[in-house]
2 protein chains.
Amino acid sequence: MPRLGTGDVESLRAHSVPIPSNIDPCASSDWFKSAHAKSRPTSKDLSHHFSIESRSLVGSAIKAFANQHKTSKIIALGEGRPVPEYYPWEHLSFRGISSSLNNIEAGSKDEGALQSVAKQGDSYNISSALNYGHAVGSSYLVRFLTEHVEMVHDPPYADWKVCLSCGSTSALELALRIFCNRGDTVLTEQYTYSTAIEAATLVGLRVQGVSMDPEGLRPDCLDEILRTWDPSRGPKPRLLYSIPTGQNPTGTTQSAGRRQAIYQLAEEHDLIIVEDDPYYYLQLGPYLDRPSTRDNTEELKLDETFINPSQVPSYLSIDRSGRVVRLDSTSKILAPGLRTGWVTASSAIIEKFVCYNDVCVGGVNGPSQLMLWTLLDRSWGHSGFLTWLENLSKDYCSRRNIILQACDRYFPKDICHWTPPEFGMFLWINLDLAKHPVHRSATSLGGDHSQQAEIEERIQSNALKNGVKVAKGSLFSADRRYDGKLQFRITYAAASKGDLDEGVRGLSNAIRKEFSLSPI
Amino acid sequence: MPRLGTGDVESLRAHSVPIPSNIDPCASSDWFKSAHAKSRPTSKDLSHHFSIESRSLVGSAIKAFANQHKTSKIIALGEGRPVPEYYPWEHLSFRGISSSLNNIEAGSKDEGALQSVAKQGDSYNISSALNYGHAVGSSYLVRFLTEHVEMVHDPPYADWKVCLSCGSTSALELALRIFCNRGDTVLTEQYTYSTAIEAATLVGLRVQGVSMDPEGLRPDCLDEILRTWDPSRGPKPRLLYSIPTGQNPTGTTQSAGRRQAIYQLAEEHDLIIVEDDPYYYLQLGPYLDRPSTRDNTEELKLDETFINPSQVPSYLSIDRSGRVVRLDSTSKILAPGLRTGWVTASSAIIEKFVCYNDVCVGGVNGPSQLMLWTLLDRSWGHSGFLTWLENLSKDYCSRRNIILQACDRYFPKDICHWTPPEFGMFLWINLDLAKHPVHRSATSLGGDHSQQAEIEERIQSNALKNGVKVAKGSLFSADRRYDGKLQFRITYAAASKGDLDEGVRGLSNAIRKEFSLSPI
């Protein structure tokens, strides 16, 4: 049977478990998967990976009790839930924008339809959304996201599930608590998301970086670390945290072959892979040398890429065993303030996430879920969502091209090196320390990390004097120490398009000053 | 100087740090306190109470960096925040209800003004709320809640602060992680919120219940436990988790004298008190024996009670040392689905909560904050909020009276005993096991806990057959075992008023059946 396309969703819904009209039930992805998805072999039992903390976790007794007997009329003297008449909001409305934009930022935004949400009603409504919710998420969003995940990733085992998260930062903390014990070591890319390092440190874990090349994390180095692990350093790592696409901070994207090789190592060494992939949908395509001579965004034919991601398959899409925990986020593709994402993994693992959400944050807030449901499901639909992602990608592509042109224009080529990113929002600038005046006059700089730290700090601070804020590379170093390299992360996501060129010039002049070159 | 009243807020704001019109800064309660509040002596240094996990936590480097230099124009190449043009919502509006209601549930709700939130604007707006927020909360809510806390609690030390939480369940988990290490024992009421027990178990803690009487937790028993602590059981407890008002599940409220005695013990034994107080504002007043003969809700003169809580002072309001962590929640007074609350404690403790929020959930979502701000600050104001709480209290009072009248009517008086609650939403029904047929025919029941469990289960299940759901008392037992008592928690919050009488009858008939009495 062929995999699911956006056109198949209506018929899929016609055959899936209907959501009752008067209540938001505690839903399972199994209700909404196609027969094709359910026909796959099941995942392996990987429960030996659960931490001491999570092993005994069974969730909230009173919430399990609250979820029983929801369909028949029962007088509720059991649960301390205020009646919806006591919620002081009668009506919410949201005006989204249309997904069919040619250029989002050009100001020609089409207003979408006004989406109103009533207090009561025959589907998701204020009374449901402002009540205690299900830790797994509203059934309306579980349905939409299950369909979406099947369309895009088509996981090769049967018992995968989706649950909502309070954003990927929250999901990562939970993943670390679910799988790791204090004193364990987690593996990450050599440079990685700084909050991931902080979360791991908080949970009492050591972080070991794995060397990278322009295709990201190197499987040979991963294998080396695992094969030669010295038990005196603590238990052999069981968890790899990776950002495979448009990596933060380096902007690298693992090729399909790279992913297969790393997955194969995970199988051999029995690793859990936490695939943190918020930049997956920002697909920019290759950077052509002289993009200014024509409209480079026309190169993108993204429908195919999103639906059939053969070029960069997600780890989820090649995961036969159920050892991948995929984290998706609305932060980079819709809005960070929603604090909402979704996790896809085997049923046994998703159950742990749901239990943590029950006992800890209590699940995703209702207003964000209502906004997502009205926009994604009621207004855009699956094909509209993919159209939005394509248009967003085109706009990020044009931002990427502007900043790369500015880099070509301003950076001293013998000192600064970078690889054009094909996904995401980050560009990683490597500076050649050997060209630094201090280095040229003394041989000690390579080992003198305090001096490196000073140089890095001075460039950042001089850039700020030039009116531009950049992030120091050392912030992202997995082992939090200077390693003889001088690097900066810049992004084309946050400034206005018109400021990008000037921003790069400001950084370039800070670098030039440090390296005793005249400004440009 | 007199304490702050609702009428003083305008002049207070005129003298406090103004919130910049173009940006939502990372705010501190210190900006918004009165001179009176800031003139108090500072709190004690209690940093020896921080856990191994939280001791070294310093928050997120990249977020600290992002919070710098927010006021001048800087080209932002440093932070991966999408520009607001990429958030697909242009306009949000909320219609709240007016706070000046006589009877909320009677259906005569006045619609409040339509509150619109624009994408950009000169105060809190979509572009701010849907961006990455501050873990402490939006400055607009930090201001409102700081003013509110000062008006209601007037903490007797200077360096208290408020931060937002993702609900009190989340705040409690964080409090346990901030103060406790695996193997520690936390003290709670003998019967307590079941999710609190589950959170403590998750974090690896033992829970020891402290005996209660109709005024709640008994200070003599607390003192006994602490004075006679056997170190072979682990470290002497350092944290007391208490629900002092309208306690869940027992409905008891600690008197002013009781609170002073417990606080004094906390001082002597150097305890942190986590004051979980979601029912504080549901002030029902005493239950008069024959309330049906007149309008009992007229007794309530609540303005004074809220502003000058001399009758049941919060622990925060008597905390000279800064050892109280007060948890407030919007769940019982506005809507649970917002997943929002606030924490008040010393500056050093609030800093830990903010760091956890930075590294873990990333703070409270924007849509809930926007809804709260438009309702509380822009629409109702402080006096409107207090009016809302008074009206809500009156409505809960009438619910409480209906259910107590039903209890008088239906329960067998020699078997069922209860104390009318004066706060909150819970009623705790004690059943006399000595009257049970099994007990009368055999002397072994007192020690036969499996038989008790069966009786409890059977009553719950028979009540369900009678169409009413109640919560078993054993669910709330701090040490999770049967203790020779048979108890049920019922609530008048969740059913419609018209169903409360019938609900009690259904439970009563399940009890009557178990005790071989004829139904009523």
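Chain naming here is simple, since letters A, B, ... match the order of the sequence lines and numbering starts at 1 in each. All of these numbers come straight from a predicted model, not from anything done at the bench.
- Using a 4.5 Å cut-off on side-chain heavy atoms (C-beta onward), B:R81 and B:N131 make contact.
- For chain A, the nearby part of B:S194 is the side chain; its heavy atoms alone come within less than 4.5 Å.
- Among B:L174, B:T330, B:I333, B:T169, the residue with the largest count of heavy-atom pairs under 4.5 Å with chain A is B:T169.
- The contact between A:A199 and chain B is made by backbone and side chain atoms together, counting heavy-atom distances below 4.5 Å.
- With a 4.5 angstrom heavy-atom cutoff, B:I490 touches chain A via backbone and side-chain atoms both.
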- Query: Are B:S93 and A:S93 close enough, and set up right, to give a side chain to side chain donor-acceptor pair (under 3.5 Å), and what steps lead you there?
  - Reply: CA-CA 5 Å; B:S93 39; A:S93 40; 2.9 Å; yes
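- Interface remark: B:L475 contributes side-chain atoms only to the contact with chain A (heavy atom separation under 4.5 Å).
- Counting only heavy atoms from C-beta outward, the side chains of A:L282 and A:M425 approach each other to under 4.5 Å.
- Contact tally against chain A (heavy-atom pairs below 4.5 Å) for B:G337, B:G80, B:G366: the top residue is B:G337.
- Looking only at heavy-atom pairs under 4.5 Å with chain A, the residue among B:C360, B:G506, B:G467, B:G362 that has the most is B:C360.
- Residue contact with chain A, scored on non-hydrogen atoms closer than 4.5 Å, involves the backbone and the side chain of B:L202 alike.
- By the 4.5 Å heavy-atom criterion applied to side chains, A:W89 and B:I97 are not counted as neighbours.
- Counting heavy-atom pairs closer than 4.5 Å to chain B, the top-ranked of the candidates A:L500, A:L57, A:L92, A:T340 is A:L92.
- In terms of heavy-atom pairs under 4.5 angstrom with chain B, the leader among A:A471, A:G503, A:A335, A:S56 is A:A335.
- Contact of B:F488 with chain A is not made at all, since no heavy-atom distance falls under 4.5 Å.
- For CD1 of B:I52, the number of neighbouring non-hydrogen atoms (other residues, nucleotides, ligands) closer than 6.0 Å is 12 at most.
- Proximity to chain A is limited to the side chain of B:F426, based on heavy atoms less than 4.5 angstrom apart.
- When B:K472, B:R182, B:M371 are compared by the number of non-hydrogen pairs under 4.5 Å with chain A, B:M371 comes out ahead.
- When heavy atoms are compared at a cutoff of 4.5 Å, B:Q460 approaches chain A solely by way of its side chain, counted from C-beta outward.
- With chain B as the partner, the residue from A:P88, A:A463, A:A494, A:S368 showing the most heavy-atom pairs under 4.5 Å is A:P88.
- A donor-acceptor pair is defined here as one N or O able to donate and one able to accept, closer than 3.5 Å; no such pair exists between the side chain of B:H91 and the backbone of A:G96.
- Between chain B and the residues A:S165, A:A196, A:S331, A:S116, the largest count of heavy-atom pairs under 4.5 Å involves A:S331.
- Of the listed residues B:E198, B:Q115, B:E173, the one with more heavy-atom pairs under 4.5 angstrom with chain A than any other is B:E198.
- Judged by distance alone, with hydrogens and angles left aside, the side-chain atoms of B:S170 form no donor-acceptor pair with the main-chain N or O of A:V361 at under 3.5 Å.
- Highest contact tally toward chain B, considering only A:C166, A:A493, A:C355, is held by A:A493 [criterion: heavy-atom pairs under 4.5 Å].
- In this view, A:S168 and A:D276, A:L327, A:S329 satisfy the side-chain contact (heavy atoms from CB on, under 4.5 Å) rule, not counting sequence neighbours.
- Classification of A:R505 and A:D499 as a salt-bridged pair fails, no side-chain N sitting under 4.0 Å from a carboxylate O.
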- Message: Between A:E53 and A:Y356, is the side chain to side chain donor-acceptor pair (under 3.5 Å) condition met? List the steps.
- Response: CA-CA 11 Å; A:E53 178 173 302; A:Y356 267 90; 2.7 Å; yes
- Message: The test is salt bridge (Lys or Arg N to Asp or Glu O under 4.0 Å); show your working for B:E502 and B:K497 and say whether it passes.
- Response: CA-CA 10 Å; B:E502 184 59 26; B:K497 269 190 193 174; over 6 Å; no
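- Between B:Y396 and B:Y492, the ring-plane angle classifies as perpendicular under the 30° and 60° cut-offs.
- Most heavy-atom pairs under 4.5 Å with chain A: of the set B:G363, B:P367, B:G424, this distinction falls to B:P367.
- Between B:K119 and B:E90 a salt bridge is recorded (basic side-chain N to carboxylate O distance below 4.0 Å).
- With chain B as the partner, the residue from A:G167, A:G78, A:S54, A:P249 showing the most heavy-atom pairs under 4.5 Å is A:G78.
- With a 4.5 Å cut-off on non-hydrogen atoms, A:V364 touches chain B through its backbone but not through its side chain.
- Residue contact with chain A, scored on non-hydrogen atoms closer than 4.5 Å, is absent for B:N248.
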